[in-house]
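Quantities reported herein were computed from a predicted structural model and do not represent experimental measurements.
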Amino acid sequence: MFGIPGKQAVTMTPAAATKIAKLMEKDGHQGLRIGVKKGGCAGMEYTMEYVAEVDPHDEVVEQDGARVMIAPMAQMFLFGTQIDYQTSLLESGFVFNNPNVTEACGCGESIKFEGM
């Protein structure tokens with residue numbers, strides 16, 4: 001929808017692709033749908049959910065056996081984002097390296113985009 005021909009809407013690091021592929025295998029999911037919703041201290045939050053069926057309006061990105069769907073209303077906010085999966089001593093989880101974010105809260109879960 002908001003893509004550039006020949007360029008994927010989002011990219012995944014090898015760690016993220018491996019984790020998403022394992023999650024897909026576990027319960028037979030079609031992939032993970034990512035989006036954004038209003039909330040959090042900076043105004044918006046990322047969302048992730050398992051997908052049983054691909055919505056024809058989703059932007060689908062496949063890489064190394066992993067499949068990510070981008071919800072239609074989130075496509076303009078997520079274009080150019082790199083999805084990573086990081087593990088540290090205290091926590092592990094997905095990290096979104098999003099060039100469209102203009103501000104983020106201290107915990108990194110709440111974000112703000114230009115004009116919002």
Going by heavy atoms in the side chains, are Arg67 and Met24 under 4.5 Å from each other?
->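 Heavy-atom side-chain distance check passes, below 4.5 Å.
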Okay, side chain of [X], backbone of [Y]: is any donor-acceptor separation there less than 3.5 Å?
X: Asp58; Y: Val60; answer: no
X: Asp84; Y: Phe96; answer: no
X: Gln75; Y: Ile70; answer: yes
X: Arg33; Y: Glu49; answer: no
X: Gln63; Y: Met12; answer: yes

So, for [X] and [Y], which heavy atoms are closest and what is the spacing to 0.1 Å?
X: Thr87; Y: Tyr85; answer: OG1-CE2, 3.8 Å
X: Pro99; Y: Gly80; answer: CD-O, 3.4 Å
X: Ala17; Y: Ala66; answer: O-CB, 3.4 Å

To the nearest 0.5 Å, how far apart are [atom1] in [X] and [atom2] in [Y]?
X: Ile34; Y: Leu32; atom1: CD1; atom2: CG; result: 8.5 Å
X: Gln86; Y: Lys19; atom1: CD; atom2: NZ; result: 13.5 Å
X: Thr11; Y: Gln82; atom1: OG1; atom2: CD; result: 5.0 Å
X: Met73; Y: His57; atom1: CE; atom2: NE2; result: 12.5 Å

Report the C-alpha separation of Phe94 and Ile20 in whole Å, then their side-chain angles, then the decisive distance to 0.1 Å, and conclude whether the side chain to side chain contact (heavy atoms under 4.5 Å, CB included) test is met.
-> CA-CA 10 Å; Phe94 289 101; Ile20 292 169; 3.6 Å; yes
Evaluate side chain to side chain contact (heavy atoms under 4.5 Å, CB included) for Val10 paired with Asn98, printing each intermediate quantity in order.
-> CA-CA 9 Å; Val10 298; Asn98 187 337; over 6 Å; no
Do you reckon Val95 sits in the same ILVMFWY cluster as Tyr46, going by side-chain contacts under 4.5 Å, direct or chained?
->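 They do not share one cluster, since no chain of ILVMFWY contacts under 4.5 Å joins Val95 to Tyr46.
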Go through the steps for Leu78 and Val36 under the test side chain to side chain contact (heavy atoms under 4.5 Å, CB included), then give the verdict.
-> CA-CA 8 Å; Leu78 296 176; Val36 293; 4.3 Å; yes
